[in-house]
Amino acid sequence: DAGGLGDIRLSAGYRLRQDAAGSLSLRAAVELPTGDEEELTGNGATDYSLGLAWERAPADGAGRWSAYVIAGVIRFGETDLPALETRDFGGWVQAGAGWRVTQRIELLGQLQAASSPLDTGLDAWGGSLMLALGAGIDIGRHYRLQLGFTEDIDVETSPDITFMLRL
């Protein structure tokens, strides 16, 4: 059992295409080793990821539902923990949907699966399947506040519960 600040993830995206069917974007991220690897709140390494994202959002006022799918690869950094053997690469996929309650508030749901950075042979470290639920609140024209939580639905494969605050 451990608690505390985990690794911090910074991400950016570039829209490649947008039309009536949705938008396609390239996403890149870096995860900084701000967690404590001895407490397993971080891996002690810098990880990089690159992915493609498809998103379908309704035009202003044209609908209440949105959806997205994101898939990518991760380049895992090397950890200093002597007992852990890490993989070089992994993959992940997310799929989610949103429903606008009002023009400013949207309820959100997401499923996410990811391969494990560790090569242990144990089921509990073979990968993860998580469910996230939350809400997005539009603040002005260009900002959105998101609040939510993530729960491991494939028990003991990821942190039991994680809280999210995103601007």
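Without hydrogens or angle criteria, T150 side chain to A132 main chain gives no donor-acceptor distance under 3.5 Å. The backbone N or O of S25 lies less than 3.5 Å from no partner atom in the side chain of R15, so there is not a single donor-acceptor pair. Of the possible polar contacts, one joining the T41 side chain to the D36 backbone as a donor-acceptor pair under 3.5 Å is found. A donor-acceptor pair under 3.5 Å links the side-chain atoms of T34 to the main chain of G6, judged by distance alone.
For the atom pair R56 CZ and S23 OG, the distance stands at 10.0 Å (nearest 0.5 Å). Rounding to the nearest 0.5 Å places CD of E151 at 8.5 Å from OG1 of T162. Taking CG from D47 and CZ from F76, the interatomic distance works out to 6.5 Å, rounded to the nearest 0.5 Å. Between I139 atom CD1 and L145 atom CG the span is 4.5 Å, to the nearest 0.5 Å. To the nearest 0.5 Å, atom CG of residue L26 and atom CZ of residue R17 are 14.5 Å apart. Considering CZ of F149 and CG of L131, their distance stands at 7.0 Å, rounded to 0.5 Å.
Using a 4.5 Å heavy-atom threshold, the side chains of W92 and S49 count as touching. You'll find the side chain of Q146 stays beyond 4.5 Å of the side chain of E106, heavy atoms only. Using a 4.5 Å heavy-atom threshold, the side chains of L147 and L165 count as touching. Side chains of L32 and L10 form a contact here, defined as non-hydrogen atoms less than 4.5 Å apart. For the pair I70/L52, no side-chain contact is recorded, criterion being any heavy-atom separation below 4.5 Å from C-beta on. Within the 4.5 Å cutoff, the side chain of F163 has heavy atoms near those of the I161 side chain. No side-chain heavy atom of R27 sits under 4.5 Å from any side-chain heavy atom of Y14. With a 4.5 Å cut-off on side-chain heavy atoms, W99 and L108 do not count as touching.
At a threshold of 4.5 Å between side-chain heavy atoms, the hydrophobic network of Ile, Leu, Val, Met, Phe, Trp and Tyr places I105 and L133 in two separate groups.
The existence of a salt bridge linking D138 and R144 is confirmed by a sub-4.0 Å separation between a basic side-chain nitrogen and an acidic carboxylate oxygen.
When only modelled atom types and interatomic distance are considered, E31 and Y48 share no side-chain donor-acceptor pair under 3.5 Å.
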Report task. Carefully, step by step, assess Q110 and Y68 under the rule side-chain contact (heavy atoms from CB on, under 4.5 Å). Result -> CA-CA 9 Å; Q110 170 185 289; Y68 64 91; 2.5 Å; yes
Requested in this report: Let me see the working for L111 and Q94 under side-chain contact (heavy atoms from CB on, under 4.5 Å), right down to the final yes or no.
Outcome: CA-CA 6 Å; L111 276 174; Q94 296 175 343; over 6 Å; no
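S11 approaches A29 most closely through the heavy-atom pair CB-CB, 3.8 Å. Shown here for D7 and G42, the closest heavy-atom pair between the two residues is OD1-CA, 3.3 Å. Listed here is the closest heavy atom pair of G90 and S115: CA-OG, 3.1 Å.
Cation-pi geometry between R75 and F89 is met: under 6.0 angstrom from the ring centre, within 45 degrees of the axis.
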